[in-house]
There are 2 protein chains.
Amino acid sequence: MKIGELAAATATKVETVRYYEKIGLLASPARSSANYRSYGSEHLARLSFIRRARDLGFSLEVVRELLTLADDRTESCEAVDGIARSHLSEIDRKIADLSALRRELGRVLDSCSCDTIADCKIIDALAPRR
Amino acid sequence: MKIGELAAATATKVETVRYYEKIGLLASPARSSANYRSYGSEHLARLSFIRRARDLGFSLEVVRELLTLADDRTESCEAVDGIARSHLSEIDRKIADLSALRRELGRVLDSCSCDTIADCKIIDALAPRR
DNA sequence: CCTTGACCCTGTAGTTACTACAGGGTGCAG
DNA sequence: CTGCACCCTGTAGTAACTACAGGGTCAAGG
């Protein structure tokens, strides 16, 4: 399997695959006679895992941890559970932050009757004179 | 007003103030005899505006636009309104994305009875075997 | 008078997770 | 044999800062 095929199979860009290899997230594959990277099914599984974790919003650093944990199949999955839970609460925090932001921006927008900048409530709201 | 005071007054780091100057967002102030930056109230107002817009999630590029618009006080504030509205819908999109993520991660978490990695549903969910 | 500490200066490099070249080599279809 | 799509390496760019390194300045205390 060449890099382009692997990339296509995992909806990843070729450059990203090489990037993952460079930072040590994806093992370096064998090379063909022409020095082309030659991937096997283990690489496909690994990259699929990485992409899925990324899609769920895990950082590369955390993905690295998850990969290490996933490799030790006798270990308790408590650690995995903890990582996932803390990620979940981080997402909840982000949603709350964005919702607060949304409310405030909505309020700013509602206040503007929109004639000229001189009496634009949006600009006023941004530069509160006092 | 020295840079430290300006920074404190706007809850900004000193380095960030210098950064804003370097990228042309904040005008270069006069210098004291010791080559210290010396800010006036116009800088304070400007930086307050920038920080407030940043707090509302506007990118520096958009803040730049808003500053230009804010300076021309005879202009219609239609453009400002448009920027704010498109930013609002972007926030809505982000909230929706995060909510979907949250649902999926929650589903993954719920599925795990947490014994060993070998039968950890979280790891399974990340690496769907097929 | 001297020193100590808090501030200020410039310039560069690091952060995250890629993405985009530049400048070259390889493999195959027509 | 000549395109063209693909592959290679290495470097630089993105957003918005943040963190030094290596220096200068200023006011207060001893």
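Between the CG atom of A/N35 and the P atom of C/dG27 there is a distance of 11 Å, given to the nearest Å. Atom C1' of nucleotide D/dG13 and atom CD of B/E61 are separated by 15 Å, given to the nearest angstrom. One interatomic measurement links the two molecules: OH of B/Y19 to C1' of C/dC8, which rounds to 21 Å at whole-angstrom precision. For the pair A/Y39 OH and D/dC7 C1', the computed distance is 11 Å after rounding to whole Å. Atom NZ of A/K13 is separated from atom C1' of D/dC8 by 19 Å (rounded to the nearest Å). Rounded to whole Å, the distance from CD1 on A/I23 to P on C/dT16 is 10 Å. Put simply, CZ on A/R51 is 10 Å from C1' on C/dA17, counting in whole angstrom units. Atom CZ of B/R64 is separated from atom P of D/dC17 by 12 Å (rounded to the nearest Å).
A/Y36 and A/V14 fall into different hydrophobic clusters, where Ile, Leu, Val, Met, Phe, Trp and Tyr side chains are chained together by heavy-atom contacts under 4.5 Å. Under the 4.5 Å side-chain heavy-atom criterion for Ile, Leu, Val, Met, Phe, Trp and Tyr, B/I50 and B/V62 are members of the same hydrophobic cluster.
Contact record, B/A7 with B/V17: CB-CG2, 4.2 Å, taken as the closest heavy-atom pair.
Contact annotation for A/I3: backbone-only contact, meaning every heavy-atom pair under 4.0 Å involves sugar-phosphate atoms and none involves a base.
In this structure, the nucleotide among D/dT18, C/dA17, C/dA20 sitting nearest to the side chain of A/E15 is C/dA20.
With DNA chain D read from its 5' end, the first of the two nearest nucleotides for B/R18 and A/K22 is the one closest to A/K22. Mapping A/S32 and A/Y20 onto DNA chain C by nearest heavy atom places A/Y20 closer to the 5' end of the strand.
Note on A/R37: every side-chain N or O is 4.0 Å or more away from OP1 and OP2 of D/dC7. In this structure, A/R31 reaches the D/dT9 phosphate: one of its side-chain N or O atoms is under 4.0 Å from OP1 or OP2. Contact between the side-chain N/O atoms of A/T16 and the OP1/OP2 oxygens of C/dA17 is not found at any separation under 4.0 Å.
For the residue pair B/R51 / B/Y20, a side-chain donor-acceptor distance below 3.5 Å is found, with atom types taken as modelled.
Remark: the A/Y36 side chain and the C/dG25 base include a donor-acceptor N/O pair separated by less than 3.5 Å.
Checking side-chain atoms of B/H87 against main-chain N and O of A/L105 turns up no donor-acceptor pair under 3.5 Å.
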